[in-house]
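Just so it is clear, the model here is predicted, and its values are computed rather than measured. Each chain gets a letter, A, B and so on, in the order its sequence line appears, and its residues count up from 1.
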Amino acid sequence: MKINRLPAPTWNRLKVNATEVNAVRPNKAAGYEEKLPEGVDKIHGRGIGPLSDVTIKTGLGEEFDKFIEDAGFKPEGYVVSDEEKIETPLYQTFDVKGNDASVALFDYSLSDNAELTVIQIVKDEDNESGVFFVQNKYRLSKGAKLTIVQIQTLSESKEFYNDIGGYVSDDASFNLIQIVLGAKNNYYGANACLAGKNSALNLAVAYSLKNDELLDMNYVADHNGKNSESDIKANGVMQGRANKLFRGTIDFHKGCAGSKGAELEDVLLIDDTIVNKTVPLILCDEEDVEGAHGATIGRPDESFLFYMGSRGIPREEAYELLKRAKIDAVANLIEDEKTKTYIAECLDRA
Amino acid sequence: MKEKTHVDDIDRSIYDFRFEDKDAYKVSEGLTEDIVLKISEEKNDPEWMRDFRLKSLKLYNEIQVPDWGPSIDGLDMDNIVTYVRPNTERMHTDWEDVPDDIKDTFERLGIPQAERKSLAGVGAQYDSELVYHNVKDEVAKSGVVYTDIESALRGEYADMIKEKFMKIVPPTDHKFAALHGAVWSGGSFVYVPKGVHLDIPLQSYFRLNAKGAGQFEHTLIIVDEGAYLHFIEGCSAPKYNVANLHAGCVELYVGKNATLRYSTIENWSKNMYNLNTKRAVVEEGGKIEWVSGSFGSHVSYLYPMSVLNGKGARSEFTGVTFAGEGQDLDTGTKVVHNAENTSSYVNTRSISKSGGINTFRSSVVIGPNAHGSKSAVSCESLMVDNESRSDTIPSMDVRCADADVGHEAKIGRISDETVFYLMSRGLSEADARALIVRGFADNVSKELPLEYAVEMNNLISLEMKGSIG
C-alpha cells in the first residue's frame, strides 16, 4: 500500500510523492498500561461524542486507514464533557514485545471548552522484529484543547506506524509533540482539519536518527476556518546511514481568510552517509492569508565549533550538546515534568 | 462600499497580430513515423539524426504524460502540425532579404531596432525555421560562432553537434523531450571560444505564427574556458482558438571558469502549451545565471536545470511568473550539486490574478560528493485576488553532511499597511499598488539590460483602481 501521500505531487523521480510499504497485517491488540484521570469517560468502540459523524482524514492516508479498518480491531474511545478541564494527563505506556504486529486505536472526543493531555510512551525491552501500529483520531468541539505527546524509544529491530487525524472546531486547538528516538522504520503522519474560526494546530517533532533508521513523515494542516493558525516545527539530528523524509503541507482552502501557517525545519547532519529529504508545501486557494516556510539543513557553523573548542569542548562533544539541544527544544514544550525527566533519562542512556 | 483592487491582464496587443500562412509548407497534423521521416528529409538530416528522430518517436509513444503537473488534456497531438516552413527558401543574413510579412512581424516586435542598438547578434525564427541570422563583424572576428543549428549540423561543427546534441537533455528524460528529439526544427548554435568576453548580448527571437502548430527549436550553446556570454531569448505568438505547442530544448555547456547568463522573456499567447526543457552543465569555477520572466501561455511546464559538475561551480536563478485569467503556469528550477564547494541561489516571485494558477516547483539535490556546497532558495508569491491560486512545491535532497542548505517561502497579499504608508506619502492607491507589484517583480527586471527591463515593465501593465480591501 501507499502511505504518506504528498497532497500535491511533484516529480516522480524524486520519490517523495508517497511511500510504498508492505506492512504485516495487525494480528493482536496492543497491551498497554494506562492511567486514566478522573473526568475522562472511556468507551469501547468508535463513533463517540457530538462530532461523531465527521469523517476524519489521517496523515498516513486513506489506504492505511482502510488497512487498519480491515484488520477488524476496535478503537478505545475517550470522552471529555463540556467545560471539563482535565489537569492530570492521560498516560498510556506501550511495551512492544516479540514479533507480533500489534495495534492500538484511539478516538478522542472533547466537548465544548474541554481540555485533555494524552501522553503516549512507546518502548520495548527486546530486540525482536515486531511491528506496532498506533492510530489516534480526535474530534474537538468549540473551544476544546487536546494535547498529544508521543515519545518513542523502540529498538532498532522494530517497525512503527504512527497515524493521527482530527477535526478542530471554532476556537479549539490541537497540540502535538513527538519525540522520535528509535525504531528501524518509522512512518509518521498527522492531519489536522482546521475547520472552525480561530482553530489552531501546534505541531513540534524532534528526532535523533542513527545507523540505518528510517523516518518517513507527512504532516498536513488543512486550513478551512477563518483566522485559523498552524505552526509546524521539526528539529532533527541525523547520523550514520539514517534516512529521513519530511513532508509538511500548509493547505489554505478557499474561505479561510485571515489564516496564518508557518513551517520551520532545522536539521543537523553529522555523517556523509545520511539521506535527508525535505518537501515543505504551501498550497494557497485564498488571498487573505500568510504562509511561510523556512529550512536550515547542514553542519553546525564552524565559528560555533571553534568557540566551543576554545572553551575546551572537543568537536564530538559539541555535536552531542547540539543534538541534545535540538531534542530539548521540543521536549521543553511538554508541561508534564515526569515526562520531561523520562526523555532526559532516555537521552542520557543513548 | 469597498471595491476590490483590480489588476489588469498583461497588455498583449503588440504581440497579438498574425499573418495568413497561405504560402507556407506544412506537414500533416499529428505525429507518425512518416511525418518524422518527412521532416528529416526536409531538413536534409545526416543519417544519424534521422535514426535519432525515429528512436525519439518510439520513446515518445512509450513514455507517459506527467501525472503531477497542470492538465494538458486540451493538447491533442493529432491536431498539431509539427513542421511549418515559412514562405522563404532559406535563412537570410541581410534584413532586407527577409519576406515582407515576416520582416513586418519582427519589426513590430522591435527586433531589428534592438539589434542595431544593443546586440552583438540576432537570430529570428518564424514557425519552424530560422529566417534571419546575423552576427556583428567584430564579434565574428573574435571567433564567436552564432549560427542556425542546422547549418552547424552539416558544416565544420558537425562533430561537435553530434557529440553534444541532446546529451544533457536525452529524449528518455520525459515525454516532451522525446517529442522534441523526433520533430525538432530550427534553433541556434553558439560557440564562444576560450577567454572571449562578449560584452553585449546575443539574442534569439522565436515567433510562432501558424494556427495549431508546434515549435520545437533547439538551442545549443558552448561557452569555453574563461569565456563570458549573455544570451537573450524572446518568444511570442498570436492567439488562436486552438491549442499551439512549444516544446523547445536548450542545452548549455559552461566551461571551466566561464560564465553564461541566459535571459528569457516568454510571452506566448494564451492558447499555447509551453512544455520547454532547459538545462546547463557547469564545469569547475563556471557559472550559469538564469533570468526568467514567464508571462504568457495557457499551460507551462518550465524548470531550467543546472548541473554543477565542477568544483566551485555556481548557479543563480532569478525568475518572475505572472499568471492571469486562463493560465496555469508551473514554473521553477532544479539544481544538482555534484562537486565540492558548489553553490546555488534561487530567487523567484510569482503573481496570480483573475483566476490564474501559479505553481513554484523546485528541486535541490546535494550529492554525496558535494562537500562544502551551499544552496539558498527564496520564493515569494503574491495573491492579487480571491479567484486565483498559488502553490509552492519545493524539494530538497541532501546526501552530504558538510553542506549548508536554506529555504524560505512566503505567500501573501499586498499589505494594507504598505499601501497606507505610500498613500500617506502622496501616492494614489492605484499608484501605490502598482509600485508594490512592480517592486515585487523587480528581482528580474534589475537583472536585465535596460531595454529589456523596460520591455518587461511594459509587459506588466498594471492598472489599479479601488480602495483598500
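Remark: side-chain polar atoms of A:Asp285 are not paired, donor with acceptor, to backbone N or O of B:Arg389 under 3.5 angstrom. In this structure, B:Asp397 contributes its side chain and A:Lys277 its backbone to no donor-acceptor pair below 3.5 Å.
Note on A:Pro9, A:Gly298, A:Cys284: by heavy-atom pairs under 4.5 Å with chain B, the leading option is A:Cys284. Looking only at heavy-atom pairs under 4.5 Å with chain A, the residue among B:Lys410, B:Arg361, B:His371 that has the most is B:Arg361.
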Next on the checklist: Could you go through B:Asp391 and A:Ile282, starting from their C-alpha distance and side-chain angles, then the distance that decides it, and tell me whether this counts as side chain to side chain contact (heavy atoms under 4.5 Å, CB included)?
Outcome noted: CA-CA 6 Å; B:Asp391 294 340; A:Ile282 303 177; over 6 Å; no

Checklist entry - Going through the checks in order, is the side chain to side chain contact (heavy atoms under 4.5 Å, CB included) test met by B:His407 and A:His293? => result CA-CA 7 Å; B:His407 174 92; A:His293 166 80; 2.9 Å; yes

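Annotation for B:Ser395 and A:Val279: closest pair OG-CG2, 4.3 Å, computed over non-hydrogen atoms. Scanning both residues, A:Glu287 and B:Asp385, for their nearest heavy atoms gives CB-O, 3.4 Å. In this structure, A:Ile297 and B:Met396 approach most closely via the heavy-atom pair CD1-SD, 4.1 Å. Pairing each heavy atom of A:Asp288 with each of B:Arg413, the nearest pair is OD1-NE, 3.3 Å.
Heavy-atom contacts from other residues, nucleotides or ligands closer than 6.0 Å to CD of A:Glu63 number more than 12. Heavy atoms from other residues, nucleotides or ligands lying under 6.0 Å from CZ of A:Phe304 number more than 12. The environment of NZ in A:Lys210 is crowded: more than 12 heavy-atom neighbours from other residues, nucleotides or ligands sit within 6.0 Å. Annotation: B:Lys167, atom NZ; neighbour count of heavy atoms from other residues, nucleotides and ligands within 6.0 Å is above 12. Environment of CD in A:Glu20: crowded, with over 12 heavy atoms of neighbouring residues, nucleotides or ligands closer than 6.0 Å. The number of heavy-atom neighbours closer than 6.0 Å to NZ of B:Lys175, taken from other residues, nucleotides and ligands shown, is above 12.
Of the atoms belonging to B:Ser375, not a single heavy atom falls under 4.5 Å from chain A. Contacts of A:Arg13 with chain B are made by side-chain atoms alone, with heavy-atom separations under 4.5 Å and no backbone atom involved. If you measure heavy-atom distances from B:Ser362 to chain A, the contacts under 4.5 Å come from the backbone alone. Proximity to chain B involves both the backbone and the side chain of A:Leu281, based on heavy atoms less than 4.5 angstrom apart. Of the two parts of A:Lys254, only the side chain, counted from C-beta on, holds a non-hydrogen atom closer than 4.5 Å to a non-hydrogen atom of chain B. The part of B:Lys334 that comes within reach of chain A is its side chain, from C-beta onward, which places non-hydrogen atoms under 4.5 angstrom from that chain. Heavy atoms closer than 4.5 Å to chain A are found nowhere in B:Glu380, neither backbone nor side chain.
Between A:Pro280 and B:Pro394 the shortest side-chain heavy-atom distance falls below 4.5 Å. Under the 4.5 Å side-chain criterion, counting only non-hydrogen atoms from C-beta, A:Glu290 is not in contact with B:Ile411. In this structure the side chain of B:Ser363 reaches within 4.5 angstrom of the side chain of A:Leu14, judged on heavy atoms. Looking only at side-chain heavy atoms (C-beta outward), A:Glu286 and B:Asn386 come within less than 4.5 Å of each other.
Using cut-offs of 30° and 60° for the angle between ring planes, the A:Trp11 and B:Tyr303 rings count as perpendicular.
Taken from OG1 in B:Thr392 to CG in A:Leu283, the straight-line distance is 8.0 Å, to the nearest 0.5 Å.
Side chain to side chain, B:Asp67 and A:Asn12 meet the donor-acceptor criterion of an N or O pair below 3.5 Å.
A salt bridge does not link B:Arg399 to A:Asp271: none of the charged nitrogens lies less than 4.0 Å from a carboxylate oxygen.
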